[in-house]
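As structure tokens, the structure follows; a few thoughts come after it.
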Number of protein chains: 2
Amino acid sequence: MVQTLKTLGPKPAADLDGDLMSEEGGFSIDQLMELAGLSVSEAVYKVHPPSSGKRVLLACGPGNNGGDGLVAARHLYHFGYSPTVYYPKPTQKPIFDGLQKQLQQLHIPFANDQPFGKLAEDTDLIVDALFGFSFQPPVREPFDEAIKIMESGKKPVLAVDTPSSWHVEDGPQDEGIGAKYMPDYLISLTAAKPNVGHFKGKKHFIGGRFLGKDIADKYGLDIPEYKGVDQVVEVPVDVRVEKL
Amino acid sequence: MVQTLKTLGPKPAADLDGDLMSEEGGFSIDQLMELAGLSVSEAVYKVHPPSSGKRVLLACGPGNNGGDGLVAARHLYHFGYSPTVYYPKPTQKPIFDGLQKQLQQLHIPFANDQPFGKLAEDTDLIVDALFGFSFQPPVREPFDEAIKIMESGKKPVLAVDTPSSWHVEDGPQDEGIGAKYMPDYLISLTAAKPNVGHFKGKKHFIGGRFLGKDIADKYGLDIPEYKGVDQVVEVPVDVRVEKL
């Protein structure tokens, strides 16, 4: 029996984030990004434990998706990996400045000026934290090169929240860069997005273990059944998608 | 062979926190408290999984130690526990306001006006997050009652960073409230404190998996050998203590 996975379109997904960070919700962006990035790092550990190769390339975009990638890089380092960060368009906000400083203190290399193809050759896994659910085409430089490389499928890719360049509902672009991009793994944050119906990779996780019943009910979401102290949970790939 | 555990006195412990949150360190208090509280909740899970009883009473003091307890309460809720929070002296700072709001949204009860003895009767485990390493005696109302109850040993206690009322180096007070206080479990945050030499409980954990090699070297600390994606690691109780 094919299960149903409830997904949030861009408007309710943004509203939900807003609720968490409202006066009533009480969360700061620092707290949410920390837990989101931690769940990304735990997903990496599940699909690609350090024994499978310690090199992880984190491709980080200019928005919050990229911030999740920066947090994940720190945790991966502490888990025993050798992360490299590609973050060519840093955002000038205190949280992004701080996350970069933390990585610099750990001597994690930033390889922003190197060709993405070369970086991909020298890694065992790519984390795609370029764009999130609010992405609007086209893919601009320098990220077009990264998408092309990930699209080539030469190295396994774990996409954060949504495969970069995909439309949040319609999935891959009809043509051009990213049209054939299919990451091996996907981690949805807080809730899956409707484009997960186009995901034909190997494993799909949900992360962000901070969703309470009231907010889940408000948006019609089910809270995933996490195990133990895990910050991520694997969900079936072959599902029927319901857009909320 | 008795191992040596390196510990930080109050001055270097405060300096280390300062380094993490300096311009160079890049951490915010929100990030560090989130990871500290998460490690407290993972320690609870290790000593007292939900199958041993889901009720956890979090005794939270007015400082950062109490904030770690508030964060732990949230994670414990998501792990399937039924937390109750005792937080009679809330601090008027945005992070503490926010942490309380997060718990209120989950309908986690705050039992600040109830006698601590009654709260202890109705729980399976107490988390002592009253005072940290900068505590100065005497124990003032209303916390004296909580210390007396924890001292009675009627319910298992996990102490956060340092057993409340203990001197950071000399351990339990010579006489009066807390003189016989010996929690069953202890989780040290970032590094053990010298009073761990007086700890004769069952298990000792270290948490706060964000310490990098540069800062560890600066203070002469060893980075604990965490496993997998764990945010806590158990260390031997019967150790020789070296004060840095």
Side-chain angles (χ1 to χ4, degrees), chain A residues 19-35 37-39 41-46 49-50 70-71 74-80 94-108 208-215 223-232, chain B residues 19-35 37-39 41-46 49-50 70-71 74-80 94-108 208-215 223-232:
Chain A
D19 282 352
L20 289 168
M21 288 187 277
S22 69
E23 178 68 25
E24 198 181 16
F27 277 97
S28 68
I29 183 72
D30 292 43
Q31 291 162 339
L32 292 177
M33 198 172 277
E34 188 62 35
L35 295 175
L38 176 61
S39 57
S41 67
E42 289 194 9
V44 168
Y45 197 95
K46 282 184 188 289
L70 296 174
V71 171
R74 167 161 43 80
H75 287 292
L76 289 169
Y77 171 89
H78 289 296
F79 295 167
I95 185 168
F96 296 103
D97 288 343
L99 292 173
Q100 288 177 87
K101 296 265 175 61
Q102 295 162 21
L103 299 181
Q104 286 158 358
Q105 270 237 329
L106 300 172
H107 306 289
I108 293 171
R209 197 173 179 178
F210 45 68
L211 186 65
K213 191 169 181 311
D214 284 11
I215 292 189
I223 297 176
E225 291 186 15
Y226 293 91
K227 290 178 184 154
V229 302
D230 285 2
Q231 299 293 320
V232 290
Chain B
D19 283 352
L20 289 168
M21 289 187 276
S22 69
E23 178 69 23
E24 199 181 17
F27 277 98
S28 68
I29 182 73
D30 292 42
Q31 291 162 338
L32 293 176
M33 199 172 276
E34 190 62 35
L35 295 175
L38 176 61
S39 58
S41 68
E42 289 195 9
V44 167
Y45 198 95
K46 281 185 187 291
L70 296 175
V71 171
R74 166 162 42 81
H75 287 291
L76 288 169
Y77 170 88
H78 290 296
F79 294 169
I95 184 170
F96 297 103
D97 289 343
L99 292 173
Q100 289 178 85
K101 296 264 174 61
Q102 295 162 20
L103 299 180
Q104 286 158 1
Q105 272 237 329
L106 300 172
H107 307 290
I108 292 172
R209 197 171 180 179
F210 44 69
L211 186 65
K213 190 169 183 310
D214 284 11
I215 291 190
I223 297 177
E225 292 186 15
Y226 293 90
K227 289 179 186 155
V229 301
D230 285 2
Q231 299 293 319
V232 290

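To find a chain, count down the sequence lines: A is the first, B the second, and so on, and within it residues start at 1.
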Original post:
Side chain, backbone, both or neither: which part of B/I223 has an atom under 4.5 Å from a heavy atom of chain A?
Top reply: neither

**OP:** Identify which part of B/L35 has an atom lying under 4.5 Å from any heavy atom of chain A, answering side chain, backbone, both or neither.
**Re:** side chain

Of all heavy-atom pairs between [X] and [Y], which one has the smallest distance, and what is that distance?
X: A/Q105; Y: B/E24; answer: CG-O, 3.5 Å
X: A/Q231; Y: B/F79; answer: NE2-CE2, 4.1 Å
X: B/G212; Y: A/L106; answer: CA-CD2, 3.5 Å

**OP:** Kindly determine whether B/E23 and A/K101 satisfy side-chain contact (heavy atoms from CB on, under 4.5 Å), including the steps that lead there.
**Re:** CA-CA 8 Å; B/E23 178 69 23; A/K101 296 265 175 61; 2.9 Å; yes

Side chain from CB out, backbone as N, CA, C, O: work out which of these in [X] comes under 4.5 Å of a heavy atom of chain B, or both, or neither.
X: A/L20; value: neither
X: A/E34; value: side chain
X: A/L103; value: neither

Subject >> Residue pair B/D214 / A/H107, side-chain heavy-atom distance below 4.5 Å >> reply: yes

**OP:** Look up atom CZ in A/F27 and atom CZ in B/R74, then write down how far apart they are to the nearest 0.5 Å.
**Re:** 4.0 Å

Subject >> Nearest-0.5 Å distance, CD of residue A/Q31 to OG of residue B/S28 >> reply: 8.0 Å

Subject >> Choice from A/V229, A/D30, A/L38, A/I215 maximising heavy atom contacts with chain B below 4.5 Å >> reply: A/V229

